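Remarks on the structure that follows.
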Amino acid sequence: MMMRQVLQDFSHSLARSGCVVLALWKFPRRLVSPAMFCSFGRVCWGKGELQFLPFDVLLIYVLGKVVCDRLQRYKRGAKMTTIHWFRKGLRLHDNPALQAAVADNFELRPVFVLDPWFVSNARVGKNRWRFLAQTLNDLDVTLKAIGSRLYVIRGKPEEVFPKLFEDWKVQKITWEVDTEPYARSRDEKVEKLARECGVKVVSLVGHTLYNTEKIIATNLGKTPLTYQSLQSLVAKMGPPPYPVPALSSLPTSCIIQPQAPSGSTYNLPSLSELGIDESELGPCLYPGGETEALARLNKYMERKSWVCKFEKPKTSPNSLQPSTTVLSPYLKFGCLSPRTMYHRLIEVYKGSNHTQPPVSLLGQLLWREFFYTVGATTSNFDQMEGNPVCRQIPWIRDEKKMKAWEFGQTGFPFIDAIMTQLRKEGWIHHLARHAVACFLTRGDLWQPWEDGMKVFEELLLDADWSLNAGNWMWLSASAFFHQYFRVYSPIAFGKQTDKHGDYIRKYLPQLKKFPDNYIYEPWKAPLSVQKAANCIIGQDYPRPIVDHDIARKTNLDRMSKAYAAGKNKKSSAGSGPPAKKSRK
DNA sequence: TCGAAAGTTGCATAG
DNA sequence: TCTATGCAACTTTCG
């Protein structure tokens with residue numbers, strides 16, 4: 001009994017130090033054969049249990065367990081296998097988890113799981129499915145170039161992995177950390193299953209500049225709620241890690257021979273398998289994949305002066321060609337590493353005067369980091385209710401208004417043109433998102449920001465959970481931004497950068513022939529002008545859904561009341577500063 | 001603890 | 001065409 005106690009204590013202490021724990025008395029035969037034990041010399045075997053095991057031999061046994069296990073497998077002719085599970089992080093450059101996958105020289109199985117949850121629960125529109133399919137294809141091509149391939153598995157991760165672990169005799173699985181709620185619960189399940197199957201799990205940060213947990217720890221456990229506070233935190237932490245080298249070749253031991261034949265069940269998904277009718281797709285302006293992402297990054301980084309002078313608020317929301325980089329979809333899927341982009345920007349900036357965050361290009365990466373950090377640590381971040389950072393505002397759902405906005409039928413050409421571009425092309429400029437989000441919520445239609453967020457989630461190529469929810473709260477003055485009296489005008493705002501309305505003419509061709517002075521407000525045009533433009537308002541194009549001036553005033557009043565109610569609630573709850581007296 | 005300062009990017013108008 | 005200012009007054013952060 002005493003020996004057993006010693007063994008138990010020893011194995012517990014090993015467990016605490018992170019070593020593999022062996023339940024010796026439960027299944028010694030399965031782990032190592034008696035013959036192999038004997039090769040250590042001094043171990044006695046009896047009645048299915050270990051007996052009289054000297055301490056030093058135990059130590060040798062424990063430390064040598066992995067070696068024994070491998071030896072046994074090699075004797076059987078089986079090889080060691082590692083799965084790298086691609087989810088986001090769909091790239092070979094700067095992929096710490098993928099590097100970790102090849103570190104042990106085991107056979108590598110790069111896997112992507114086509115999870116039915118995303119088909120039924122996530123709102124993924126046609127354009128984003130296409131982007132993903134292209135990205136997977138690109139990944140497969142680049143993996144093939146180094147002697148591997150992508151294995152696409154259909155099914156729920158928690159169901160497919162135990163089978164894969166068994167079929168492929170997997171020792172290790174690696175993946176990139178994902179902080180979104182669904183990903184977290186999914187990964188917890190898979191991690192538990194892996195441990196039960198004796199598979200080692202390695203998850204590493206690669207999707208954000210920093211480990212969001214470290215940012216929170218630097219802020220003494222609190223979530224930063226302003227961009228500036230995030231900026232001072234990351235200033236304390238120093239620059240983000242340098243990108244790890246791209247996986248440009250595979251060690252021979254990682255290459256599986258023979259390769260699974262093409263036409264196998266692991267094939268890439270076709271568009272029709274994803275439920276996409278190709279004939280319904282518009283032209284592909286932003287093809288998915290790491291190759292395109294790096295080419296795009298290079299193209300922009302070559303424009304040194306443009307990069308150094310970049311100020312986001314000065315770029316145009318309604319230019320005919322994007323006035324910004326459109327790297328966001330590539331960052332969203334991890335075709336591009338934010339750390340690679342960060343350090344490339346630092347290189348370009350070197351020795352030159354350049355703009356600063358928040359408006360600079362580097363500042364845009366910090367915005368992404370800000371919303372990822374808040375999103376990772378705030379409960380119900382994508383909802384109003386139960387969300388501690390979100391102001392409770394009594395939005396009034398109106399399906400007609402919502403549909404009009406969603407399908408570009410509000411009667412405000414600037415808003416409708418933006419929504420048309422979004423639906424067709426999957427990308428709109430950041431300030432265009434501001435204009436339509438403000439219009440839908442506090443500006444004009446008084447619809448809940450969550451509903452707008454869902455439409456963006458479906459239609460945007462770069463729909464990114466944290467950024468989408470965070471920005472919708474921002475624009476609706478529900479969190480982060482509080483100057484609700486600053487309302488974007490659906491008429492005046494677009495004129496600043498496109499006074500002739502070329503953008504409107506491109507996306508709403510029915511208004512093409514309106515003269516410049518009516519293009520933003522066609523309902524004001526005399527009937528003769530409408531007839532000459534071959535477009536009668538109320539017939540060929542809708543009348544405005546609201547009177548902007550009246551809606552704005554009504555909504556300002558509603559916002560003011562919602563803010564006051566929030567303040568009262570806070571002060572009566574005894575938290576936060578006491579309510580100030582109204583200055584009115 | 002509390003007051004002051006600051007906060008990615010508004011609009012309309014006057015000069 | 002560009003810039004300054006009033007509008008009305010929010011929240012978070014910082015010292």
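Everything quoted here is computed from the prediction, not taken from an experiment. For the numbers below, each heavy atom of this structure counts, side chains included, while hydrogens, waters and symmetry mates do not. Chain letters run A, B, ... following the sequence lines, proteins first, then strands; residues in each count from 1.
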For residues 208-217 of chain A, run the donor-acceptor check on the side chains, cut-off 3.5 Å, and write out each pair with its distance to 0.1 Å, sequence neighbours left out.
unit_1   : atom_1 : unit_2   : atom_2 : d
A:Thr208 : OG1    : A:Tyr210 : O      : 2.7
A:Tyr210 : OH     : A:Gly238 : O      : 2.7
A:Asn211 : OD1    : A:Glu213 : N      : 3.0

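Within residues 218-239 of chain A, the residues approaching DNA chain C are A:Leu225, A:Thr226, A:Ser229, A:Ser232, by heavy-atom distance under 4.0 Å.
Stems are defined here as 3 or more consecutive Watson-Crick or G-U wobble pairs with pairing distances under 3.5 Å; those involving DNA chain C are B:2-7 with C:10-15, B:10-15 with C:2-7.
When the ring-ring contact (aromatic ring centres under 6.0 Å, His included) test is applied to A:Trp472, the partners found at least two apart in sequence or on another chain are A:Trp405, A:Phe456. Among residues two or more places apart in sequence or in another chain, the salt bridge (Lys or Arg N to Asp or Glu O under 4.0 Å) test is passed with A:Glu385 by none. Contacts of A:Asp502 classified as salt bridge (Lys or Arg N to Asp or Glu O under 4.0 Å), with partners at least two apart in sequence or in another chain: none. Partners of A:Tyr342 according to the ring-ring contact (aromatic ring centres under 6.0 Å, His included) rule, which considers only residues two or more places apart in sequence or in another chain, do not exist here.
Side-chain contact between A:Leu297 and A:Arg344 is present, with at least one heavy-atom pair separated by less than 4.5 Å.
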Identify each atom pair where a protein N or O and an N or O of nucleotides 2-7 of chain C are less than 3.5 Å apart, giving names and distance.
none

Filtered N/O pairs between nucleotides 11-15 of chain B and protein, under 3.5 Å:
unit_1 : atom_1 : unit_2   : atom_2 : d
B:dC11 : OP1    : A:Ser489 : N      : 2.8
B:dC11 : OP2    : A:Gln496 : NE2    : 2.8

Please tabulate, one pair per line, each protein N/O and nucleotide N/O from nucleotides 1-4 of chain B that are separated by under 3.5 Å, including the distance.
none

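Within the structure, the ring pair (Phe, Tyr, Trp, His ring centres under 6.0 Å) test picks out the following pairs touching residues 522-558 of chain A (sequence neighbours left out): A:Phe412-A:Trp523. Applying the salt bridge (Lys or Arg N to Asp or Glu O under 4.0 Å) rule to pairs touching residues 430-444 of chain A yields A:Arg433-A:Asp462, sequence neighbours excluded.
Atoms CZ (A:Phe439) and P (B:dG10) sit 19 Å apart, rounded to a whole Å.
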